[in-house]
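Contents: one structure, followed by commentary.
Just so it is clear, the values below take in all heavy atoms, side chains as well, and ignore hydrogens, waters and symmetry mates. None of these values were measured; they are calculated from a predicted model.
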Amino acid sequence: MEELIKKITEWIFICQEKFYEKKYKKHLANVKYSVSNSTTKTHTQAGVKLTLNSKTEQNKKILNKEVKEIVKQNLQTPNELLNFIEQNGTKVYKIPYAKKLLTLVGEQEGFITPVTGINAIVLNIVLERKFAFKTVPMFVLSTGQVNIYNMAHQFHKWYGYRMGLPGFDDEAQEKFKKIFDYELDSNVELLSYEEILSLKEAIHRDIEAIDFVINLAKESEGAKKAFKNIKDNKDGTNI
């Protein structure tokens with residue numbers, strides 16, 4: 001059963017990545033970058049330039065390394081990841097009506113970056129028992145068993161948010177979430193250069209989290225197969 005759940009999860013992530021790539025390839029392909037030296041990258045479009053420090057690339061490597069270490073320690077105990085999240089200052093809500101509530105406010109289960117407006121009011125009233133026009137970062141999940149691969153995907157995004165990686169700012173996340181509602185189709189071409197870059201960074205962060213989970217699943221499966229080969233004395237191995 002665990003193997004089936006893992007394969008289904010991986011298939012969903014792959015489909016999601018292909019969806020992003022196909023849907024926004026036309027609009028975002030014109031945002032290119034060239035490496036000017038070993039420490040900076042310069043985005044160019046219609047003569048406009050935006051230079052990014054290599055610190056982002058360094059932080060992405062640190063992110064993958066640290067998240068991998070934490071997640072692999074808790075492959076069998078995904079709830080420990082939730083404890084880790086709470087211990088680091090982010091609230092976690094596990095409620096039986098999570099899917100209905102999040103559908104109502106246009107969100108998905110897992111890590112939710114700050115929300116503003118009417119949706120924030122709903123979330124704050126229901127979850128925090130207060131009236132406010134902006135939420136704090138939070139995790140909202142259904143009750144029941146936590147899928148380690150879904151959890152790893154959301155944990156990766158949360159960790160990146162805490163590290164301050166580009167694409168997690170409020171404006172970028174707001175536009176990114178509208179992808180799921182097809183609200184950007186008729187307006188993408190009206191976005192400014194900075195908004196396109198910001199949206200692209202948000203998409204990259206999600207795809208990077210997807211890639212992380214897929215690689216994690218492959219490594220876990222590879223480890224199981226290697227152990228089985230040793231037990232079965234295959235490929236010249238023995239125990």
Side-chain angles (χ1 to χ4, degrees), residues 9 13 53-99 101-102 105-116 119-130 132-174 176-177 198 201-217 219-220:
T9 302
F13 286 153
N53 193 288
S54 63
K55 186 67 175 178
T56 295
E57 295 303 315
Q58 294 174 5
N59 283 341
K60 283 163 58 177
K61 292 179 181 178
I62 294 172
L63 166 66
N64 280 331
K65 180 178 182 295
E66 294 184 355
V67 170
K68 184 176 181 180
E69 289 176 355
I70 296 170
V71 171
K72 292 192 80 169
Q73 290 174 8
N74 296 283
L75 285 175
Q76 304 303 321
T77 56
N79 280 316
E80 289 301 313
L81 293 177
L82 296 177
N83 293 335
F84 181 90
I85 289 164
E86 288 190 299
Q87 290 167 7
N88 282 274
T90 300
K91 294 186 176 181
V92 176
Y93 297 96
K94 291 190 72 176
I95 53 178
Y97 50 88
K99 288 185 179 180
L101 173 63
L102 294 177
V105 297
E107 297 289 338
Q108 295 186 322
E109 282 193 64
F111 176 53
I112 300 175
T113 55
V115 178
T116 59
N119 291 334
I121 293 175
V122 173
L123 288 173
N124 279 321
I125 289 176
V126 175
L127 300 175
E128 305 247 312
R129 302 294 189 267
K130 68 179 184 180
F133 288 96
K134 186 173 182 177
T135 64
V136 295
M138 63 178 70
F139 268 78
V140 182
L141 302 165
S142 297
T143 54
Q145 188 175 3
V146 177
N147 180 301
I148 184 59
Y149 296 103
N150 283 328
M151 188 63 222
H153 175 244
Q154 296 299 314
F155 186 82
H156 189 282
K157 292 171 67 175
W158 170 78
Y159 213 94
Y161 173 85
R162 284 177 55 83
M163 289 182 67
L165 288 179
F168 283 115
D169 58 280
D170 293 351
E171 185 176 356
Q173 285 296 307
E174 180 181 356
F176 174 69
K177 291 171 184 178
S198 181
E201 290 290 355
I203 293 173
H204 279 173
R205 299 295 84 78
D206 198 60
I207 291 178
E208 286 161 6
I210 292 170
D211 288 340
F212 171 81
V213 175
I214 291 174
N215 290 331
L216 178 69
E219 285 185 18
S220 299

May I ask you to decide if Asn79's main-chain N or O and Asn74's side chain share a donor-acceptor pair within less than 3.5 Å?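 Looks like no, no N/O pair under 3.5 Å.
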Under 3.5 Å: donor-acceptor pair, side chain of Gln173, backbone of Pro114: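 No, because the side chain of Gln173 does not come within donor-acceptor range (under 3.5 Å) of the backbone of Pro114.
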From [X] atom [atom1] to [Y] atom [atom2], the distance as rounded to the nearest 0.5 Å:
{"X": "Ile148", "Y": "Leu81", "atom1": "CD1", "atom2": "CG", "value": "5.0 Å"}
{"X": "Ile62", "Y": "Tyr159", "atom1": "CD1", "atom2": "OH", "value": "9.5 Å"}
{"X": "Met138", "Y": "Thr113", "atom1": "CE", "atom2": "OG1", "value": "10.0 Å"}

Quick check: do [X] and [Y] have side-chain heavy atoms less than 4.5 Å from each other?
{"X": "Leu165", "Y": "His204", "value": "no"}
{"X": "Glu80", "Y": "Met151", "value": "no"}
{"X": "Phe212", "Y": "Leu63", "value": "no"}
{"X": "Glu128", "Y": "Val136", "value": "yes"}
{"X": "Arg205", "Y": "Lys157", "value": "no"}
{"X": "Ile112", "Y": "Val105", "value": "no"}
{"X": "Leu141", "Y": "Gln154", "value": "no"}
{"X": "Leu82", "Y": "Lys94", "value": "yes"}

Steps toward side chain to side chain contact (heavy atoms under 4.5 Å, CB included) verdict (Asn150, Glu109): CA-CA 10 Å; Asn150 283 328; Glu109 282 193 64; over 6 Å; no
Under 6.0 Å between the ring centres of Tyr161 and Trp158?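 For Tyr161 and Trp158, the ring centres are not under 6.0 Å apart.
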I'd like to know if Lys65 pairs up with Glu69 as an ion pair, taking the criterion as any Lys NZ or Arg NE/NH1/NH2 lying under 4.0 Å from an Asp or Glu carboxylate oxygen.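 Counted as a salt bridge, because a side-chain N and a carboxylate O are separated by less than 4.0 Å.
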State, to 0.1 Å, how close [X] and [Y] come at their nearest heavy-atom pair, and which atoms those are.
{"X": "Ala202", "Y": "Gly167", "result": "CB-O, 3.4 Å"}
{"X": "His153", "Y": "Asp206", "result": "NE2-OD1, 3.5 Å"}
{"X": "Ala98", "Y": "Val140", "result": "CB-CG1, 4.2 Å"}
{"X": "Tyr93", "Y": "Leu127", "result": "CE2-O, 3.5 Å"}

Look at atom NZ of Lys68 and say whether more than 12 heavy atoms of other residues, nucleotides or ligands are closer to it than 6.0 Å.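 Counting neighbours around NZ of Lys68, 12 or fewer heavy atoms of other residues, nucleotides or ligands fall under 6.0 Å, so no.
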Start with the C-alpha distance between Glu57 and Lys61, add both sets of side-chain angles, then the distance that settles salt bridge (Lys or Arg N to Asp or Glu O under 4.0 Å), and finish with yes or no. CA-CA 7 Å; Glu57 295 303 315; Lys61 292 179 181 178; over 6 Å; no
Verify side chain to side chain contact (heavy atoms under 4.5 Å, CB included) between Asp211 and His156, making sure each step is shown before the conclusion. CA-CA 10 Å; Asp211 288 340; His156 189 282; over 6 Å; no
Asn59/Thr56 under side chain to side chain donor-acceptor pair (under 3.5 Å): CA gap, chis, key distance, verdict: CA-CA 5 Å; Asn59 283 341; Thr56 295; 5.9 Å; no
Phe139: which of Phe111, Phe84, Phe155 passes ring-ring contact (aromatic ring centres under 6.0 Å, His included):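 Output: one option passes, namely Phe111.
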Among Thr116, Val115, Ile121, which one satisfies side-chain contact (heavy atoms from CB on, under 4.5 Å) with Phe133?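 Result for side-chain contact (heavy atoms from CB on, under 4.5 Å) with Phe133: Ile121.
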Before giving the answer on side chain to side chain contact (heavy atoms under 4.5 Å, CB included), spell out for Val92 and Asn83 the whole-Å C-alpha distance, their side-chain angles and the decisive distance to 0.1 Å. CA-CA 9 Å; Val92 176; Asn83 293 335; over 6 Å; no
Go through Asn119 and Glu107 one step at a time and tell me if the side chain to side chain contact (heavy atoms under 4.5 Å, CB included) criterion holds. CA-CA 9 Å; Asn119 291 334; Glu107 297 289 338; 5.9 Å; no
